[in-house]
Every structure is written in C-alpha cells, then in structure tokens.
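Protein chains get the first letters and strands the later ones, always in sequence-line order, with residue 1 at the start of each.
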2 protein chains.
Amino acid sequence: MADIKSPANPLFLREEELRQGIEMLFFAYRDFTGEPDAILSEIGLGRAHHRVVYFVGRHPGITVSELLAILKITKQSLSRVLSHLLTEGYVIQRPGEQDRRKRLLHLTAKGIELEQSLTANQRKRIAVAYRAAGAEAVQGFRRVLRDIIDIEDRSRFPDETIQLPGSPKR
Amino acid sequence: MADIKSPANPLFLREEELRQGIEMLFFAYRDFTGEPDAILSEIGLGRAHHRVVYFVGRHPGITVSELLAILKITKQSLSRVLSHLLTEGYVIQRPGEQDRRKRLLHLTAKGIELEQSLTANQRKRIAVAYRAAGAEAVQGFRRVLRDIIDIEDRSRFPDETIQLPGSPKR
DNA sequence: CTTTTTATGTCAGCCATATTGACATATTTC
DNA sequence: GAAATATGTCAATATGGCTGACATAAAAAG
C-alpha cells in the first residue's frame with residue numbers, strides 16, 4: 001500500500017479520498033439496510049414496504065403524491081406496495097377534509113409496531129456512531145451528507161446543529 | 001414546527017436527530033445513485049454492472065470471490081452481470097499465476113471509460129461537498145460513516161484523517 | 001497418487017421491485 | 001361545463017436479487 005499521508009502526489013490523494021467517500025456510502029448503505037431487509041423478508045415484505053411505512057410513520061397524514069415525491073418512483077410501483085400494506089392492515093387512509101380527492105395515509109398500531117422493529121436497528125447504529133464520534137463529528141457528518149443530497153431536499157435537514165442535551169455549547 | 005433547539009424534551013430531540021440521520025442516508029443514497037443509473041439505462045446496463053465495474057477498476061486483478069465478499073450477493077447473481085460485462089468487452093479475466101483457478105479481473109479501456117463516466121458525477125458531488133464543508137467536517141463525516149459500516153469492512157477506511165494538500169496540520 | 005477442498009461457472013426457476021403506456025374515476029377549480 | 005388534479009388500475013416488461021443442483025478445473029492434503 002502506498003503511504004497515504006505522503007503529499008508527494010496530490011492528485012492521487014484527491015482521487016483516493018473521493019473514492020473512499022464513494023465506497024463509504026456504498027458500504028454504509030449496504031449494511032444499514034441489511035438487517036431491516038432480513039426482518040422484512042420473513043414476513044413477505046421488501047425494502048419498498050419499509051420505505052413506505054417509514055415515511056408514513058414520519059409524516060402522518062402524508063398524501064400519495066408527497067410520498068411519490070420523496071421516493072421518486074412511479075405511482076404504479078407505489079400502488080402495489082401501498083395496496084398490500086393497506087390490505088394487510090399496516091396503513092389506513094382517510095380522505096382529506098378540505099380536498100377529498102387526497103388520501104391521507106396513517107400507520108395503524110400494527111404499522112407502528114412494524115416500523116419500530118425495522119428502524120430499531122438503524123437507530124441503534126446511528127446512535128452508537130454518533131455517541132462514539134461526538135457532537136462535532138456529527139455536525140461534520142450532517143454537513144457533508146446534506147450537501148450530497150439534491151438541493152431540492154436539503155431543506156429537510158436544517159443547517160443548524162441540533163443541540164444535544166448535555167452537549168457543550170460551542 | 002417545534003423549536004428544535006429547546007432542550008425541553010430530550011427524548012424527542014434524540015429521536016428526531018436519529019431519524020434525520022436515517023433519512024439523510026436514504027436521500028443521499030437515492031441521489032447519489034440517480035445519475036449513474038440514468039447513464040447506465042441508456043446503454044442497457046443497471047446498477048449492478050456499475051458496482052462490478054467500480055470495484056474491478058478500484059482493485060485491478062480482484063478475484064470473483066473477493067468481489068462477492070464486497071457485494072454480498074450470490075455468485076449466480078454476480079455471474080450474470082459479470083458474463084455480460086465480459087462479452088461486451090468492459091472487463092477481461094486472466095488466470096492467476098500462482099493459482100490458475102482464480103480469474104483475475106481487469107477493466108479494458110472501454111471499461112475504464114465507462115467507469116469514469118459513471119463515477120464522474122459521484123466524485124463531483126463528494127468533491128463539492130468536501131470542499132464546502134472543510135477538512136474538519138470531512139473528518140467527522142468519515143468518522144461517523146465508518147462506524148455505521150459493519151465492523152468487518154471498517155478497516156477499508158483508515159481512522160486517520162487523510163492529509164489534504166494545503167490543509168493545515170492540526 | 002488418489003481424495004478432498006477450493007474457485008468458479010451454469011442451468012433453471014422464482015420473487016420483488018422497478019419501468020412505461022393507457023385508461024378510469026372522483027373531485028376541485030376555472 | 002370544461003379543465004386540471006389526485007389517485008387507481010390493467011398489462012407488459014426489465015432488472016437484479018434468490019435457491020437448488022450440478023459441473024469443471026486446479027490446488028492441497030491424505
């Protein structure tokens with residue numbers, strides 16, 4: 001292995017650093033989705049169901065269009081997954097009050113339970129990593145990740161550091 | 001919106017922070033793979049081909065087993081993709097010198113060109129985010145992301161900060 | 001030197017998740 | 001009343017995973 005600290009070849013260093021970034025995202029995502037996927041396959045669901053359950057749980061009353069905008073898939077693709085979740089009783093829909101064309105989606109108790117079991121591991125993973133890295137590193141993590149996201153969705157994640165209880169004010 | 005700086009409800013804050021972490025990974029990965037996917041679909045390839053081309057380019061002479069360990073898919077799944085890349089002339093294989101059972105994989109010129117065009121956008125994204133965030137934030141990004149990855153693959157990413165040319169020594 | 005293990009490939013079938021295109025319905029808005 | 005919107009559905013297709021079973025060549029071990 002080349003000595004990566006040597007600044008002899010700046011171009012190589014730069015390329016190496018960028019490639020490591022690419023790969024870290026690949027490995028992190030692979031491992032981040034591995035365990036929920038395993039749980040899902042036992043109950044005959046897939047990753048797509050996870051995404052729907054997650055975002056319906058996160059935004060109760062979300063409409064189908066909003067969900068489509070987040071997932072960036074076609075309505076036909078969503079339809080199958082969502083119908084399944086509806087008939088299996090993980091999700092319910094209620095017509096909108098002002099606009100009755102809209103179907104406002106909510107998790108049932110069963111859906112909440114599923115969502116919790118799926119994200120428990122992911123939350124754990126993040127919590128462990130955040131705790132080990134410290135508030136400053138977390139801020140850097142958020143800062144970089146936010147800029148990797150397309151600009152349209154960046155506003156979901158405030159620039160400001162979230163003040164952790166007990167963490168020192170900078 | 002609730003005032004996220006208020007420490008009134010620490011449990012809520014914590015949950016919110018973890019969920020944002022989950023979502024940032026989702027959005028980042030979605031957008032990170034979006035553009036390569038578009039290029040690939042034009043030439044009749046998919047994301048799976050990208051991953052193979054990427055890791056063969058990254059580790060010239062990599063064996064099939066090593067590739068399987070990285071991708072964590074079955075050999076049957078890899079086989080289809082790899083065969084296609086071989087017949088289309090993106091990848092070549094050479095028997096190992098010591099162990100001739102092994103097929104050492106390399107990119108052809110065509111493969112290198114494809115790999116470059118696919119990762120150009122990803123490198124750009126990372127480069128822009130890194131530059132905007134600064135060396136310290138990058139270190140935090142790496143620190144957190146590394147801990148999200150399963151421990152077996154963490155060693156791919158050294159703990160040490162890579163010294164950016166021109167960045168001040170801490 | 002034969003047996004076993006390893007590295008790899010292949011055939012066949014299955015499933016989940018995505019796609020496009022076309023058409024349908026209810027509701028709201030102009 | 002016409003047009004736009006929110007949503008659903010049918011049909012066909014592609015991709016990329018999976019399992020199981022079997023095959024071959026080379027290396028390692030007895």
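- Rounded to whole Å, the distance from NZ on B:K72 to C1' on D:dC18 is 17 Å.
- Counting any heavy atom pair closer than 4.0 Å across all strands shown, B:R80 reaches a base atom.
- Within the nucleic acid shown, A:T63 comes within 4.0 Å of sugar-phosphate atoms alone, with no base atom in reach, counting heavy atoms only.
- Remark: the backbone N or O of B:G111 is paired with a side-chain donor or acceptor of B:T108 at under 3.5 angstrom.
- Below the 3.5 angstrom threshold, one finds a donor paired with an acceptor across the side chain of A:Q76 and the base of C:dG21.
- A:E16 and B:R58 are joined by a salt bridge, as a carboxylate oxygen and a charged side-chain nitrogen come within less than 4.0 angstrom of each other.
- For the pair B:H84 NE2 and D:dA14 P, the computed distance is 13 Å after rounding to whole Å.
- Taking atom CZ on A:R94 and atom C1' on C:dT27, their separation rounds to 20 Å, with Å as the unit.
- Ion pairing of A:R19 with A:E15 is present here, as a side-chain N (NZ or NE/NH1/NH2) and a carboxylate O approach within less than 4.0 Å.
- Note on A:T74: every side-chain N or O is 4.0 Å or more away from OP1 and OP2 of C:dA18.
- Residue B:I73 contributes atom CD1, which lies 12 Å from atom C1' of D:dT15 at whole-angstrom precision.
- At whole-Å resolution of the value, CD in A:Q93 and C1' in C:dA26 are 14 Å apart.
- Without hydrogens or angle criteria, A:R154 side chain to A:D147 main chain gives a donor-acceptor distance under 3.5 Å.
- Using a distance-only test at 3.5 Å, with no hydrogens or angles considered, no donor-acceptor pair links the side chain of A:H59 to the main chain of A:V56.
- OP1 or OP2 of C:dT10 has at least one side-chain nitrogen or oxygen of B:S79 nearer than 4.0 Å.
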Checklist outcome for this item: Letter by letter from the 5' end, nucleotides 22-30 of chain D scores (B base, S sugar-phosphate only, - none; protein heavy atoms under 4.0 Å) ----BS---

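- Rounded to whole Å, atom C1' of C:dA18 lies 13 Å from atom CG of A:L68.
- For the pair A:R51 CZ and C:dT17 P, the computed distance is 8 Å after rounding to whole Å.
- Straight-line distance from the NE2 atom of A:H49 to the C1' atom of C:dA16: 8 Å, rounded to whole Å.
- The backbone N or O of A:F26 sits nowhere less than 3.5 Å from a side-chain atom of B:R51 that would complete a donor-acceptor pair.
- Distance alone, capped at 3.5 Å, is enough to place a donor-acceptor pair between the A:R146 side chain and the A:F157 backbone.
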